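Step one of this worksheet: look at the structure below.
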Amino acid sequence: MLKTVICDLLGITYPIIQGGMAWVATGELAAAVSAAGGLGIIGAGNAPPEVVRREIAKVRERTDRPFGVNIYYMSPYVEELIDLVCAEKVPVVTTGAGNPGKHLPKLKEAGVKVIPVVASVALAKRLERLGVDALVAEGMECGGHIGEIATMPLVPQIVDAVHIPVIAAGGIADGRGLAAALALGAAGVQMGTRFICAEECTVHPNYKNAVLKAGDRDAVVTGMPGHYVRVLKNKLTRQFEELAARGASWEEMDRLGAGKLRAAVEGDAEYGSLMAGQSAALVREIKPAAAIIEEVVAEAEEIISRLGKLVR
Ligand code: TUI
């Protein structure tokens with residue numbers, strides 16, 4: 001059976017973590033992933049603490065297994081969310097779009113395991129020194145806010161640079177991706193896009209159908225240097241292209257993007273921000289989170305045993 005250090009560290013059965021996608025990863029999805037033996041994560045995004053508290057309660061009503069909350073460091077509620085996860089004794093916190101260094105003492109004191117998402121070697125090394133438990137190395141194939149380095153070169157560089165477990169993310173949606181991540185030295189994977197098409201994911205069916213329909217060139221990059229966002233092509237991305245073509249300011253771009261992720265989650269597939277990674281093209285069906293996890297693990301196990309036989 002496929003087991004890695006991350007399973008022991010987090011008390012989970014399979015080395016699969018569900019990405020903490022803002023507005024997309026609700027308590028329902030996180031609970032389903034955790035109940036199935038992975039690590040489900042609530043995406044706090046820009047939501048206020050009382051909303052996140054309700055999502056935590058949803059998970060606890062549905063499962064006793066470990067779960068996490070992702071704190072997005074551009075949120076206006078970071079301080080309150082740190083207090084909330086400590087008070088609630090949330091087992092795991094992942095972080096995005098910022099450096100959680102100054103909150104580490106408080107989180108560790110409360111017994112919270114901290115797994116920052118990073119997109120560079122420098123930040124990975126800095127956070128290891130500060131005492132984080134593990135890292136997610138996220139390549140620019142992923143959805144939402146992206147870094148500049150692809151998963152294939154990023155993961156082994158971070159694996160070489162630190163001594164703590166590394167979880168690979170970006171472009172991974174099936175057992176082939178999990179086997180490849182393990183080959184790169186990762187101790188597990190984080191998948192976001194694949195779990196948008198979990199039955200338990202509460203986004204509008206229009207969002208799920210856009211992921212199912214996506215082809216290899218549909219997950220495009222919008223925005224400005226330092227703030228690139230990967231989303232599925234639609235009328236909104238064409239508006240972004242027009243703005244970029246006439247040299248629009250960062251403020252104009254920001255204004256166009258405001259509130260559009262929520263619009264997508266509520267069903268606006270034309271003008272909503274359908275955040276998804278390049279792996280969208282690998283997602284072909286909607287099924288329960290447990291079935292996704294079982295399929296990914298079985299496929300990875302089969303590949304690993306087949307690869308072992310190549311060495312004679
Ligand atoms: O966080 C992400 N991806 C996201 S967050 C998000 S939430 C949102 N977006 C738009 C509207 C409303 C809500 C959507 N997608 N990925 C994790 C990640 N973090 N990747 C890279 C980083 C990162 C980048 C820079 C981490 C730290 C950093 O710099 C830290 C520093 O200060 O050195």
Side-chain angles (χ1 to χ4, degrees), residues 17-26 41-48 51-52 68-78 81 93-104 114-130 132 134-151 154-155 158 166-172 189-193 195-196 203 207 219 221-232 236-237 240 250 253-266 268 272-280:
I17 295 175
Q18 164 249 311
M21 302 165 281
W23 299 112
V24 174
T26 59
I41 298 189
I42 296 161
N46 283 323
V51 170
V52 179
V69 170
N70 175 268
I71 300 182
Y72 169 59
Y73 265 69
M74 316 259 252
S75 161
Y77 303 108
V78 172
L81 289 169
V93 160
T94 63
T95 63
N99 181 344
K102 70 169 178 173
H103 296 122
L104 278 174
V114 184
I115 309 184
V117 180
V118 299
S120 73
V121 173
L123 186 59
K125 286 163 86 165
R126 213 177 315 144
L127 288 167
E128 179 188 40
R129 276 200 300 277
L130 294 176
V132 303
L135 291 162
V136 174
E138 187 180 82
M140 49 88 79
E141 297 93 322
C142 70
H145 290 278
I146 62 170
E148 290 164 7
I149 310 167
T151 302
L154 180 69
V155 172
I158 293 185
V166 176
I167 296 150
I172 300 166
V189 292
Q190 176 176 280
M191 302 193 298
T193 301
F195 284 115
I196 297 174
V203 298
Y207 198 151
V221 179
T222 60
M224 308 278 279
H227 197 84
Y228 288 119
V229 180
R230 189 182 298 283
V231 296
L232 298 179
L236 175 67
T237 62
F240 269 112
W250 193 91
M253 293 269 192
D254 205 40
R255 232 177 295 127
L256 179 59
K260 295 298 191 333
L261 175 58
R262 271 194 95 167
V265 165
E266 283 160 13
D268 187 352
S273 178
L274 296 162
M275 292 189 187
Q278 291 184 336
S279 69

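We count ligands from 1, going down the list as the structure has it; atoms in each ligand are counted the same way. All of these numbers come straight from a predicted model, not from anything done at the bench.
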I'd like to know if the side chain of Arg230 and the backbone of Cys142 have a donor-acceptor N/O pair within less than 3.5 Å. yes

Ignoring hydrogens and angles, tell me if any N or O in the side chain of Thr95 forms a donor-acceptor pair with the backbone of Ile71 under 3.5 Å. no

Nearest heavy-atom approach of Leu232 to Ala280 is CD2-CB, 4.1 Å

Regarding ligand 1, does Thr95 bring an N or O atom to under 3.5 Å of one of the ligand's N or O atoms? no

Using a 3.5 Å distance criterion without hydrogens, assess whether the side chain of Glu141 forms a donor-acceptor pair with backbone atoms of Thr151. yes

Nearest candidate to atom 33 (O) of ligand 1, where distance is taken over non-hydrogen atoms, out of Arg126, His145, Met74: Arg126

Side-chain donor or acceptor of Thr94 paired with backbone N/O of Ile115 under 3.5 Å: no

Give the contacting part of Asn46 toward ligand 1: side chain, backbone, both or neither, where contact means a heavy-atom distance below 4.0 Å. side chain

So, 4.0 Å and heavy atoms of Gly147: is ligand 1 close enough to count as a contact? no

Any donor-acceptor pair under 3.5 Å from Tyr207 side chain to Met275 backbone: yes

For a 4.5 angstrom cut-off between non-hydrogen side-chain atoms, does Val231 reach Leu236? no

heavy-atom search around atom 21 (C) of ligand 1 in the protein gives Ala119 CB, 3.7 Å

Is the CD atom of Glu266 crowded by more than 12 outside heavy atoms at less than 6.0 Å? yes

Interfacing atoms of ligand 1 (cut-off 4.0 Å, heavy-atom, Ala22): 7 (S)

Ligand 1 and Leu261, any nitrogen or oxygen pair closer than 3.5 angstrom? no

Within the distance-only criterion (no hydrogens, no angle test), does the side chain of Thr222 pair as donor or acceptor with the backbone N or O of Thr237 below 3.5 angstrom? no

Does Gln18 use its side chain to pair, donor to acceptor, with the backbone of Ile41 at less than 3.5 Å? yes

Non-hydrogen atom of Leu123 closer than 4.0 Å to ligand 1: yes

The answer for which part of Met21 has a heavy atom under 4.0 Å from ligand 1 is neither

Note: ligand 1 atoms sitting under 4.0 Å from heavy atoms of Gly96 are 1 (O), 17 (C), 19 (N)

Stepwise ring pair (Phe, Tyr, Trp, His ring centres under 6.0 Å) check, Tyr73 with His103: CA-CA 11 Å; Tyr73 265 69; His103 296 122; 5.8 Å; yes

For atom 24 (C) of ligand 1, closest protein heavy-atom neighbour: Ala97 CA, 4.1 Å

Do any nitrogen or oxygen atoms of Glu138 lie less than 3.5 angstrom from nitrogen or oxygen atoms of ligand 1? yes

For atom 10 (C) of ligand 1, closest protein heavy-atom neighbour: Met275 CE, 3.4 Å

Give the numbers and elements of all ligand 1 atoms closer than 4.0 Å to a heavy atom of Tyr72. 5 (S), 6 (C), 7 (S), 8 (C), 9 (N), 13 (C)

For Gly45, state whether at least one heavy atom is located under 4.0 Å from any atom of ligand 1. no

Heavy-atom nearest option to atom 26 (C) of ligand 1, drawn from Gly98, Ala47, Ser75: Gly98

Those atoms of ligand 1 less than 4.0 Å from some heavy atom in Asn99: 30 (C), 31 (C), 32 (O)

